[in-house]
Every structure is written in structure tokens, then in C-alpha cells.
There are 2 protein chains.
Amino acid sequence: MARPATVTPERILAAAATEFAARGFAGARVDRIARRARVNKAMIYYHFGSKQALYRELLRLTFRQAADRLRAIAASAVSAPAALDAAIAALVDLARERSYFPAVMLREVAEGGAHLDGATLAALSAVPAAFAELLARGVRTGTFRPVHPLAAYVTMIAPIVFYLASSPIRQQLRRSHLIDAALPVETFVRHVQHTMRQMLAPESIRPARSLHDA
Amino acid sequence: MARPATVTPERILAAAATEFAARGFAGARVDRIARRARVNKAMIYYHFGSKQALYRELLRLTFRQAADRLRAIAASAVSAPAALDAAIAALVDLARERSYFPAVMLREVAEGGAHLDGATLAALSAVPAAFAELLARGVRTGTFRPVHPLAAYVTMIAPIVFYLASSPIRQQLRRSHLIDAALPVETFVRHVQHTMRQMLAPESIRPARSLHDA
DNA sequence: GTCTATACTTCGATAGAC
DNA sequence: GTCTATCGAAGTATAGAC
């Protein structure tokens, strides 16, 4: 019945997520994280030791959750194409629940993994690994053509992350009337699902395009 | 015959490109840019006024160059699918010539365009606009199925930028033997070209998959 | 566990001589 | 145009009372 001794670490993590997503590691301010979490700044150092340790903890949790969802889908009984659609939808859902996810991921890629230690790297790599398992199943049953797993993963995850993280910039573009930047999530998800299914479709079902095109 | 009064601004821009790509706007240090450019820090302020003005100048130049290349390809006489392949190859080439391009673009998306002013935003928007023109030509001739131009653009540009920027992180993954992170550029470019062609292939040539899948 | 107060450092920017 | 020297702001981190 005892209420948890403290909810402070959770609140700090949530506030850190927002701050790191919006400003990156270097741009994030521990003062702002403390204010947003409604805790004293000293508490952050008490619970996490340093700004970097806090950052790594956040990344590990995020990657772990993404990998868990993909593994659950890969292990389910549905057909490979259905699992692929589900994987795309699940990653989009997760990224929208945890709205900091896309920006944090883009930044970490851009920074060349500068803030990653071994444990965080392992958590990160579990995501493409789970996706590769899902692909392998489709290839075994002949439903998917064989592709480079990492190339396929990048083709799927990059547009999702990019699209979601680019929401503010697309908003700016719409306000400035420079291009038509309207693109609803549902439209985009269906587009990615369609693209990935076409990418993985075996050659045999497209005999009309077998040779000499471009 | 007079040699340019100064090459300092060019050297500063080149050094800034490296610094901003590696560390982001907040992480970039004006001192480091000055050292790398072999100029005094005061010269940066003399020529550009502020760290942010320098950053914007760099982004404008980069986006302008990308848009120019796409426009040249869209205006050329080749078939739409050939132009698509060429556009992908051209963007990859440009990004590899200017190796800071991918990381800077990822960061700017992640930051929600926080450092963009009107002129920079206009330069940025010219890139998807040129790509949309290329797509529209294919749709008019019936070579491409109609797609949401921005969705198609994201599906193309995100994997390219993501793949190139992720080179250091993939290197880390390879060293740690967690997953097979080897993926040569040529393999990846062909993968993206294939994926985009399949994405844009008209429905009519794939009658075997018309309905009730997933 | 939580706070106040502050030490220490780094960085963007500028003044002013040449 | 170029340099040295430095100011002032901002930020990470910690000491120490409660």
C-alpha cells in the first residue's frame, strides 16, 4: 500500500525527454529540466549523477521499448506482410506517444552516437535486429524478396522519424505559403506501408518490368 | 586579375560546416570554428555578425545547391524514371561532396527549424518543390502513379540523409559486433532507387496484388 | 531526500590597438 | 582587415544546511 518512495526520477526523465528533444544534448539546460520536472536542480545530480548519465538512461529506455514492440510483432502469428504493416504502425504509434522519440533519434544519428555507451548501443541495435527477424520470416516463406536487412530498416525508419520530427518545420512552411506542406499522419502511414510492401514484393509478381528499365 | 580581397569568409564557412555538422548549433563553438579556419575569432564576427547569422548563411548555400541540381535534372530530357534515379544519385553525390550536409539537415529538422529565417526557409522549400516537379512530369505521362509529392519526397530524402549521417554510428555498431552494420553506398543507392521506382509504379502493372492484402 | 547558495568553467561577443 | 585582451552572461556541478 505504500506509495512509491519517490516519483522524482520519473518526473525528471519525462522533463529531460522534452528538453533533449527540443534542444539536443548540448542545447539542453539542466535548469530547465529541473524547472519542468518541478524538482530542485540538485536532485537531478543526486539521482542521475550528470547530464550525460541522465541522457543515456533516457535513450536506453526509449530504444528498449521500441525493440520490445517489434519483437512482439515479429513473434506473433500473423502473415509477414501484416506484421510489416503492424510494425510500421507500432513505431509510428510509439513515436507519437513519446513525442520526443523522433527528434532524439535524429539528433543522436547526427551526432554520430557521441553520447552512447555500450549499454545504450546494445539497446539501440536491438531495434533493427528485431526488424530483421520480421523480414527473415517473410523471406523464408517466399512472401518477401531477399533484401539487405539494414537497407530495408533504414528505408522504413528514416521516413517515419523524419516525418514526425519535421512537423514543426512543415508548420512553418505552411505558414509561409512556400509549398503545400499538408500531410496527415494517416496518409503518410499508408504511404509508407505501401512503399515497404512494394519494396519487398518478390520479382515474380511483376513480370511486366523484369528488364531494361532505366 | 586582382586576387579576391579575402578568402577568409570561405574558409570560415568551410570550418563552420564541419563544426555545426559535428556538434549542432548549440554544441558548436565559435572558438573552434576560428581555429579550424585559421582566423581570429573576431574575424568571424567581423564577417558574419553572429554565430546564428553564420549558421543561416551556411544553410542557405547548402539548400540552394541541392535545389539547383534537382531543377537541372527535372528540366533535362530524360525519361521520368531515369530522372528519378538521377535525382537520387545526385543528392547522394552532393551529400558526399559536402559531408556536413546530412547531419546539418537532420539536426535542423530535429530542432524544428528553430534557426531558420524567411530566406533560409525559402531556400529549403525549393528542394522538395523541384522534386515535386520531377514527379509531376512522370504522372502526366502515366509513367508514375499519382502520389502525395511531399510523402514521396520524405520517403526518398529521409533514408539518404539518415544513411549517410549514420555512418559513424554504424561504424560503432560494427566494432561492437552487435549487428551486421555493413552497407556499402552503392548497395544502398540501388536499394533506394529500386524502392522509389516500385513506389511510383502504376497500379495496372501489378494486377496480382490488387485487393484484400492485409 | 530536498533545498540554498555559490564555486568554477565555458562561451559569445566586443572594445580598442594596429 | 586583423589581432589581443577581456567583459558579462550562462551553465554544470557541488558543498553543506535541514
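Below, read A as the first sequence line, B as the second, and so on, with proteins coming before strands; counting in each chain starts at 1. Side chains included, hydrogens not; waters and symmetry mates left out as well; all remaining heavy atoms used.
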Any residue meeting ring-ring contact (aromatic ring centres under 6.0 Å, His included) with A:His115, in chain and number order, not counting sequence neighbours: A:Phe25, A:Tyr55
Sugar-phosphate or base contact per nucleotide [nucleotides 13-18 of chain D; S, B, -; heavy atom under 4.0 Å]: BB----
Phosphate-side-chain proximity, B:Arg29 and C:dT10, N/O vs OP1/OP2 below 4.0 Å: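 So the side-chain polar atoms of B:Arg29 never come under 4.0 Å of the phosphate oxygens OP1 or OP2 of C:dT10.
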Residue list, side-chain contact (heavy atoms from CB on, under 4.5 Å) with A:Ala22, at least two apart or on another chain: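 A:Ala22 satisfies side-chain contact (heavy atoms from CB on, under 4.5 Å) with no residue once adjacent residues are dropped.
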Residue list, side-chain contact (heavy atoms from CB on, under 4.5 Å) with A:Ala129, at least two apart or on another chain: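 With neighbours one apart ignored, the set is B:Ile179.
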Does a side-chain N-to-carboxylate-O contact under 4.0 Å join [X] and [Y]?
| X | Y | value |
| --- | --- | --- |
| B:Arg96 | B:Asp93 | no |
| B:Asp85 | B:Arg197 | yes |
| B:Glu111 | A:Arg107 | yes |

Listing, residues 184-191 of chain B side-chain donor-acceptor contacts under 3.5 Å, not counting sequence neighbours, or none:
{"residue": "B:His191", "atom": "NE2", "partner": "A:Ala151", "partner atom": "O", "Å": "3.4"}
{"residue": "B:His191", "atom": "NE2", "partner": "A:Thr155", "partner atom": "OG1", "Å": "2.7"}

Nucleotide [N], atom [atom2] - distance to [atom1] of [X] in whole Å:
| X | N | atom1 | atom2 | value |
| --- | --- | --- | --- | --- |
| A:Phe25 | D:dG11 | CZ | C1' | 12 Å |
| B:Asp31 | D:dT4 | CG | P | 13 Å |
| B:Phe48 | D:dT2 | CZ | C1' | 16 Å |
| B:Leu54 | C:dC11 | CG | C1' | 15 Å |
| B:Met43 | C:dT14 | CE | C1' | 14 Å |
| A:Ile33 | D:dA10 | CD1 | P | 18 Å |
| A:Glu19 | D:dT12 | CD | P | 9 Å |
| A:Ile12 | D:dT12 | CD1 | P | 14 Å |

Flag, side chain of A:Arg69 to backbone of A:Leu91, donor-acceptor distance under 3.5 Å: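 The answer is no, because no donor-acceptor pair under 3.5 Å joins these two groups.
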Any donor-acceptor pair under 3.5 Å from A:Arg36 side chain to A:Ile12 backbone: no
Inter-axis angle, terminal five-pair segments of the helix from C:dG1-D:dC18 to C:dC18-D:dG1 [nearest 10°]: 0°
Touch class at under 4.0 angstrom, heavy-atom based, for B:Ala28 against every strand present: sugar-phosphate
